[in-house]
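To start, the structure itself, in structure tokens.
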Amino acid sequence: DAIASYFDRHETDLKQYFTEAEWADLINFEGNANAIRILTQQQNGKSEGGLRLTYSTLAAIAKYPCESIAKDKTQLHRKKFGFFQAQKEAFRTIAEKTNMILEQDSPIIYKRHPFVWLVEAADDICYSIIDVEDSQRLGIIDHDKCRKLFLNLVESLDPSQIDKTKNTLKSISDKNDRIAYLRAKSINLLTQKSVEVYQNNFDQIVKGEFKTALLDVIKNETEQVTKRVLDEIQRFSIENIYNHRSVLEIENAGYNVMSELLSQFIPPILKDEKERKTFEKKALRLVPTQFLYEKGTKYQKVMGILDYVSGMTDNYATELYRRIKGIEIGMTI
């Protein structure tokens with residue numbers, strides 16, 4: 001989002017360099033699409049094929065198999081987008097090799113690969129459960145509140161398990177281990193339910209006619225208390241974890257760091273090499289050569305910079321920011 005906001009805020013200066021579809025990639029910069037790029041992109045001086053994963057593995061992570069100009073928040077498989085213009089042909093190959101169903105050719109939209117539903121369920125289950133466990137360890141949520149949430153979830157998913165679960169808890173004295181046990185129990189039961197839903201709707205899934213995330217089906221098909229507990233967990237996470245002051249401080253700092261780094265690299269890379277000022281040349285010398293596509297289009301050059309910046313760890317990005325801003329000066333090797 002920080003990368004997308006940079007381009008959105010500099011539309012007047014930058015939009016002229018790109019096609020409509022390329023610009024849509026940049027102002028909607030998307031982690032799902034970036035995953036496909038990271039896994040398939042041949043960097044400067046590197047071997048072909050990226051990480052050389054199987055076509056079915058690549059198809060299985062494409063939760064939103066469409067290009068950026070085809071985004072539609074009312075459609076689950078188009079809520080975001082799954083590949084940049086630079087990977088359009090690579091994605092066509094992935095789709096053709098795995099027999100994905102083409103829904104529309106212009107702009108490109110595919111039906112999801114059947115494996116995506118399982119990957120999405122794993123994703124949703126982890127987001128629902130693990131962040132709550134972490135927040136208990138950090139003291140953001142009270143231990144008893146966390147334990148009660150997980151016990152209610154276990155009971156709603158499989159009432160026959162609750163007595164055994166409570167007895168096991170009595171034998172665990174460490175509070176973090178107790179929550180870890182309940183977390184594992186909750187994930188296991190949600191996984192089993194996801195498999196059931198997947199099997200029951202397999203024909204629709206294979207035909208590309210299924211429309212609802214597996215976890216949402218579980219909410220609607222199980223006891224009402226399951227939906228209530230999962231909704232309560234989600235509501236708690238939004239209010240107390242994702243909007244916790246420490247998280248907000250880091251996110252706001254992230255916007256500033258990303259904006260400054262992009263301001264250093266994007267304007268110079270858009271200029272022809274002969275037109276760059278000395279300070280712009282020096283800025284680009286900080287970028288590893290595998291990310292510099294000097295013979296490519298302006299879009300390809302910018303995507304190389306985004307490969308570099310989006311791949312930074314928080315600590316590396318912060319350290320580089322401090323050095324180029326002059327906050328921290330000194331030789332490092």
H77: partners by side-chain hydrogen bond (donor to acceptor under 3.5 Å, both in side chains), with sequence neighbours left out: E103
Testing L270, V287, L261 for side chain to side chain contact (heavy atoms under 4.5 Å, CB included) with I305, which one passes? V287
Side-chain donor-acceptor contact under 3.5 Å, N32 with E30: yes
Starting at NZ of K298, measure out to CD1 of I266 and round the result to the nearest 0.5 Å. 12.0 Å
Please check if any side-chain donor atom of Q264 sits under 3.5 Å from a side-chain acceptor atom of E260, or the reverse. yes
So K79 and D72, salt bridge (charged side-chain N to carboxylate O under 4.0 Å, His left out) or not? Walk me through it. CA-CA 5 Å; K79 189 168 66 172; D72 181 353; over 6 Å; no
With distance as the sole test, does N243 use its side chain to make a donor-acceptor pair with the main-chain N or O of E239 at under 3.5 Å? no
Report yes or no: do S173 and R178 form a side-chain donor-acceptor pair below 3.5 Å? no
Donor + acceptor pair across side chains of Q204, K207 (<3.5 Å): no
Ring centres of Y198 and W117 under 6.0 Å apart? no
Short side-chain donor-acceptor distance under 3.5 Å, T289 and N44: no
Flag the pair F84 / F29 as yes when their ring centroid distance falls below 6.0 Å, and as no otherwise. yes
Short side-chain to backbone donor-acceptor contact, Q42 and K46, under 3.5 Å: yes
salt_bridge(R92, E96) N-O dist < 4.0 Å: no
Step by step, would you call N34 with S310 a side-chain hydrogen bond (donor to acceptor under 3.5 Å, both in side chains)? CA-CA 9 Å; N34 204 38; S310 67; 3.2 Å; yes
Any carboxylate oxygen within less than 4.0 angstrom of a Lys/Arg side-chain nitrogen, looking at E294 and R276? yes
Charged N to carboxylate O under 4.0 angstrom, D163 versus K166? no
Closest non-hydrogen atoms of Q87 and Q41, given as atom of the first, atom of the second and distance, are NE2-OE1, 3.2 Å
Can you name the side-chain hydrogen bond (donor to acceptor under 3.5 Å, both in side chains) partners of Y308, sequence neighbours left out? Y316
Looking at D231 and K219, is there a salt bridge between them, counting it only when a charged N and a carboxylate O are closer than 4.0 Å? yes
Testing the basics here: between T191 and I187, what is the closest heavy-atom pair and its distance to 0.1 Å? OG1-O, 2.7 Å
Check whether the side chains of Y242 and D131 place a donor and an acceptor atom closer than 3.5 Å, and report yes or no. yes
Between K271 and E275 (salt bridge meaning N to carboxylate O under 4.0 Å), is one present in this structure? no
